[in-house]
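Report on the structure given below.
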Number of protein chains: 2
Amino acid sequence: MKRSNRQSESARARFARNLKTLRIQLGLSQEALAANAGLHRTYIGSIERAERNVSIDNMEHLATALNVDIIDLLRVQ
Amino acid sequence: MKRSNRQSESARARFARNLKTLRIQLGLSQEALAANAGLHRTYIGSIERAERNVSIDNMEHLATALNVDIIDLLRVQ
DNA sequence: ATGTGACTTAGAGTCCGTT
DNA sequence: AAACGGACTCTAAGTCACA
């Protein structure tokens, strides 16, 4: 998908993509991130595939575990 | 609360406050916003009181109904 | 180390009302 | 117009076995 078309992408899909990008940038496995965020390994995978409708509390837990602001996980990058 | 201390505020609380601020700026009632966002009147009130753990899909619906980006509802302002 | 289907349960979200 | 409560229904949260 072109960057210029990403504006219409759902927030869920953006969150999924950014979460995975940031996790990999930090060299973390889904399992390691799950541990840091206090969530389950398979749940992280499911979020990254944009299958889950994540809540704001878990979004914040994930942002904290990745050491970023929650906004960074929603921004188009 | 001082602006300088708001960084430690939860994302849920920020979302609640910004939602209410933007809704009032547009001169909408909770009922009218609920209709626009396809949600229930009492649920909007509950979110604005930061009692609910809103999902990303509904956050986006609310942002759309307020004609802003979802990020604007999470940013400290 | 991750994807996936299936599952249980906590809580999201609705609908009725009263204050 | 909004807060709040009770009683719902539906879905996100959270886990597991296995590929």
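What you are looking at is a predicted structure, and each value in this text was computed from that prediction instead of being measured. Chain identifiers are assigned alphabetically (A, B, ...) following the order of the sequence lines, protein sequences preceding nucleic acid strands; residue numbering begins at 1 within each chain.
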Pair of N/O donor and acceptor under 3.5 Å linking C:dG5 base with A:R49 side chain: no

B:Q30 CD to C:dT14 C1', straight-line distance once rounded to whole Å: 15 Å

Atom-pair distance (CD1 on B:I47; P on C:dA12), nearest Å: 10 Å

Position toward the 5' end of DNA chain D (nearest nucleotide), A:L39 or B:L28: B:L28

Among C:dT14, C:dG3, D:dA1, the one nearest B:E31 by side-chain distance: D:dA1

B:R52 side chain near D:dC4 phosphate (N/O to OP1/OP2, under 4.0 Å): no

Distance-only donor-acceptor test, A:T42 side-chain atoms vs D:dC16 base atoms, 3.5 Å: yes

Interatomic distance, A:K20 NZ vs C:dT2 P [rounded to whole Å]: 9 Å

N/O (side chain, B:N53) to phosphate O (OP1/OP2, C:dG11) under 4.0 Å: no

N or O in side chain of A:Y43 less than 4.0 angstrom from D:dA13 OP1/OP2: yes

Between D:dT11 (P) and A:D57 (CG): distance, integer Å: 20 Å

N or O in side chain of A:R23 less than 4.0 angstrom from C:dA1 OP1/OP2: no

A:N58 vs D:dA13: side-chain N/O to OP1/OP2 distance below 4.0 Å: yes

